[in-house]
Colleague: 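The structure is given below, and queries will be raised subsequently.
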Amino acid sequence: MSDSETVTRFAPSPTGRLHLGHAFSALTAYAAARHAQGRFLLRIEDIDQGRCRPEFEQAIYDDLAWLGLDWKRPVRRQSDHFDSYREALDRLQEMGLVYPCFCTRKEIAAEIAAADSAPHGPDGPLYPGTCRHLPPSERERRQSSGAAFALRLDAAATAAKAGPLRWVEQGKGEIAVDPLLHGDVVIARKDIPTSYHLAVTLDDWIQGVTLVTRGEDLLPATHIHRLLQAVLGLPVPEYRHHKLLTDETGKRLAKRDGAEGLASLRQKGADPAGIRARLGFGDLAVAAPTLT
């Protein structure tokens with residue numbers, strides 16, 4: 001790959017069928033790669049083994065091929081690369097940027113409710129840092145006893161190590177990172193050596209992604225990803241956070257709300273050219289997919 005080659009990716013989770021919102025996101029990445037004569041990649045984000053299903057993974061391939069997209073093989077599946085995530089997690093621990101958190105969701109909610117005021121982030125109240133200052137002996141005692149725990153990123157310590165940071169958002173210019181925006185986010189769990197934040201940051205680096213296109217709902221997460229890139233010494237891609245598709249009531253299309261899938265539309269007689277035109281990609285010259 002040349003230094004100037006544009007590489008994009010579409011990274012769905014196989015927890016349900018793809019809908020029009022997914023199609024828009026995939027086409028956005030695909031069009032950006034084609035316009036730059038670059039490469040479009042598909043990645044399967046399946047670290048949540050409890051919710052991911054093989055039949056949904058196959059459905060992703062079928063739906064995207066029907067839509068007219070092609071992608072480079074082999075497809076990266078996150079569940080095949082836990083060792084890579086564990087190595088990065090070990091580095092963060094060696095730098096003193098990660099600590100175990102033994103709080104349950106109920107305990108966190110109770111502590112937040114008891115506080116006079118609680119700082120909020122994009123997803124609601126921030127973790128109050130209960131376990132951040134546990135003595136090493138107490139951490140070791142709890143872990144040795146088999147207690148469940150998550151590993152959290154110490155946002156303040158990571159920010160101090162990283163220094164001031166920015167990223168380039170296409171169409172908006174440089175955006176300054178707010179390292180404390182999300183507080184001490186979960187970066188891994190006792191039984192899974194990664195989280196969305198750590199896995200996606202590493203995957204984009206490993207796959208050579210130079211332009212990350214994804215929904216605007218994930219723009220706040222970029223503050224975390226930029227922090228991780230800085231302390232792990234990773235290159236920084238450009239970003240483009242696109243609009244989200246909504247239903248007739250203005251509600252965002254989502255799997256959990258039963259948004260109609262591409263397979264259902266196909267069964268009703270929809271054709272891929274019509275879907276692409278409906279999503280604003282009518283002029284996209286999509287080549288016939290090669291399934292090798």
Side-chain angles (χ1 to χ4, degrees), residues 1 5-49 51-81 196 199-200 203-204 206-215 218 240 242-245 247 252-292:
M1 182 182 72
E5 183 181 21
T6 296
V7 180
T8 68
R9 49 65 162 184
F10 175 56
S13 296
T15 56
R17 299 302 298 257
L18 298 186
H19 53 64
L20 286 174
H22 296 116
F24 181 83
S25 189
L27 283 164
T28 298
Y30 190 80
R34 285 184 62 89
H35 178 73
Q37 297 183 326
R39 291 190 295 148
F40 169 75
L41 307 177
L42 175 62
R43 180 165 73 228
I44 300 298
E45 299 196 339
D46 62 343
I47 58 174
D48 187 348
Q49 295 289 283
R51 297 176 58 226
C52 295
R53 298 286 184 271
E55 59 269 29
F56 291 142
E57 181 176 338
Q58 183 58 51
I60 288 170
Y61 303 140
D62 294 342
D63 287 343
L64 293 180
W66 172 78
L67 193 58
L69 275 63
D70 188 22
W71 51 89
K72 298 293 183 180
R73 274 71 166 179
V75 171
R76 182 177 176 87
R77 300 170 71 251
Q78 289 182 332
S79 60
D80 295 332
H81 299 281
Y196 164 75
V200 73
D203 288 340
D204 286 339
I206 290 169
Q207 293 190 284
V209 173
T210 64
L211 172 61
V212 174
T213 64
R214 58 192 181 192
L218 288 172
R240 182 192 301 169
H242 59 70
K243 68 179 182 179
L244 301 177
L245 295 194
D247 60 20
R252 170 194 166 192
L253 296 181
K255 293 178 186 176
R256 63 179 176 273
D257 296 325
E260 186 172 21
L262 294 179
S264 175
L265 293 171
R266 183 162 68 249
Q267 291 169 0
K268 292 179 179 179
D271 67 276
I275 293 294
R276 295 196 301 269
R278 176 177 174 182
L279 297 176
F281 295 90
D283 294 332
L284 181 65
V286 180
T290 57
L291 302 181
T292 57

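Just so it is clear, the values below take in all heavy atoms, side chains as well, and ignore hydrogens, waters and symmetry mates.
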Colleague: Report the residues that fulfil side-chain contact (heavy atoms from CB on, under 4.5 Å) with Gln37, sequence neighbours left out, ordered by chain and then residue number.
Modeller: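 None.
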Colleague: Run the numbers on Ile44 and Tyr61 for side-chain contact (heavy atoms from CB on, under 4.5 Å), then give the verdict.
Modeller: CA-CA 10 Å; Ile44 300 298; Tyr61 303 140; 3.7 Å; yes
Colleague: Between Leu67 and Arg276, is there a side-chain heavy-atom distance shorter than 4.5 Å?
Modeller: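 Yes, at least one pair of side-chain atoms sits under 4.5 Å.
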Colleague: What are the two closest heavy atoms between Ala199 and Gln78, and how far apart are they?
Modeller: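 For Ala199 and Gln78, the tightest heavy-atom pair comes out as CB-NE2, 3.5 Å.
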Colleague: Show your reasoning for whether side-chain contact (heavy atoms from CB on, under 4.5 Å) applies to Arg76 and Leu41.
Modeller: CA-CA 9 Å; Arg76 182 177 176 87; Leu41 307 177; over 6 Å; no
Colleague: Distance from Leu64 atom CG to His22 atom NE2, nearest 0.5 Å?
Modeller: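 The distance works out to 10.0 Å.
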Colleague: Just verifying a value: how many Å separate Trp66 CH2 and Ile275 CD1, rounded to the nearest 0.5 Å?
Modeller: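 Reported to 0.5 Å precision, the distance equals 5.0 Å.
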Colleague: So Leu27 and Leu69, do their side chains get closer than 4.5 Å, heavy atoms only?
Modeller: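 In contact.
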Colleague: Kindly write out the residues that satisfy ring pair (Phe, Tyr, Trp, His ring centres under 6.0 Å) with Phe40, not counting sequence neighbours, or none if the list is empty.
Modeller: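 Checked Phe40 against ring pair (Phe, Tyr, Trp, His ring centres under 6.0 Å); matches are Tyr30.
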Colleague: Can you list the steps and then say if Arg278 with Leu20 is a side-chain contact (heavy atoms from CB on, under 4.5 Å)?
Modeller: CA-CA 10 Å; Arg278 176 177 174 182; Leu20 286 174; 3.4 Å; yes
Colleague: Can you give me the closest heavy-atom contact between Gly215 and Leu244, atom names plus distance?
Modeller: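 Answer, listing the atom of Gly215 first, then Leu244: CA-CD2, 3.7 Å.
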Colleague: Test of understanding: with side-chain contact (heavy atoms from CB on, under 4.5 Å), list the residues that count as partners of Thr28, not counting sequence neighbours.
Modeller: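 Counting only residues at least two positions away or on another chain, Thr28 forms a side-chain contact (heavy atoms from CB on, under 4.5 Å) with Phe24, Thr213, Arg240, His242, Phe281.
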Colleague: Applying side-chain contact (heavy atoms from CB on, under 4.5 Å), can you list everything that pairs with Arg51, at least two apart in sequence or on another chain?
Modeller: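 Arg51 satisfies side-chain contact (heavy atoms from CB on, under 4.5 Å) with Thr15, Asp48 only.
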Colleague: Would you mind reporting whether Leu218 and Val212 have side-chain heavy atoms less than 4.5 Å apart?
Modeller: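 No, too far: nothing below the 4.5 Å cut-off.
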Colleague: Which pair of heavy atoms, one from Arg53 and one from Gln49, lies closest together, and at what distance?
Modeller: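 Between these two residues, the closest heavy atoms are NH1-O, 4.3 Å.
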Colleague: Do Asp46 side-chain atoms and Ser79 backbone N/O form a donor-acceptor pair below 3.5 Å?
Modeller: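 Between the backbone of Ser79 and the side chain of Asp46 there is a qualifying donor-acceptor contact (under 3.5 Å).
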Colleague: Report yes if some heavy atom in the side chain of Arg9 is under 4.5 Å from a heavy atom in the side chain of Val200; otherwise report no.
Modeller: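 Yes - at least one pair of side-chain heavy atoms lies under 4.5 Å apart.
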Colleague: Who are the side chain to side chain donor-acceptor pair (under 3.5 Å) partners of Glu45, not counting sequence neighbours?
Modeller: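 Glu45 satisfies side chain to side chain donor-acceptor pair (under 3.5 Å) with Arg43 once adjacent residues are dropped.
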Colleague: Quick one: does Thr210's side chain have a donor or acceptor within less than 3.5 Å of a partner on Val7's backbone?
Modeller: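 The answer is yes, because a donor-acceptor pair under 3.5 Å joins these two groups.
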Colleague: Going through the checks in order, is the side-chain contact (heavy atoms from CB on, under 4.5 Å) test met by Asp63 and Arg266?
Modeller: CA-CA 9 Å; Asp63 287 343; Arg266 183 162 68 249; 3.2 Å; yes
Colleague: Side-chain contact, heavy-atom cut-off 4.5 Å: Pro12 with Leu42?
Modeller: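 Of all side-chain heavy-atom pairs linking Leu42 with Pro12, at least one is under 4.5 Å.
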Colleague: Do you know the tightest heavy-atom contact between His81 and Arg77?
Modeller: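 In this case the closest contact between His81 and Arg77 is CD2-O, 3.0 Å.
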Colleague: Could you pull out all residues at least two apart from Phe56 that satisfy ring pair (Phe, Tyr, Trp, His ring centres under 6.0 Å)?
Modeller: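 Checked Phe56 against ring pair (Phe, Tyr, Trp, His ring centres under 6.0 Å); zero matches.
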Colleague: What I'd like to find out is whether the side chain of Thr6 reaches to under 4.5 Å of the side chain of His35, using heavy atoms alone.
Modeller: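 Heavy-atom side-chain distance check fails, nothing below 4.5 Å.
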Colleague: Roughly how far, to the nearest 0.5 Å, is the NZ atom of Lys243 from the OG atom of Ser25?
Modeller: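 So the gap between those two atoms works out to 12.5 Å.
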Colleague: If you look at every heavy atom in Ser264 and Glu260, which pair is closest and at what distance?
Modeller: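 So the two residues come closest at OG-OE2, 2.8 Å.
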Colleague: What is the minimum heavy-atom distance between Arg39 and Ala33, and which atoms define it?
Modeller: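 Smallest interatomic distance, heavy atoms only, reads O-CB, 3.5 Å.
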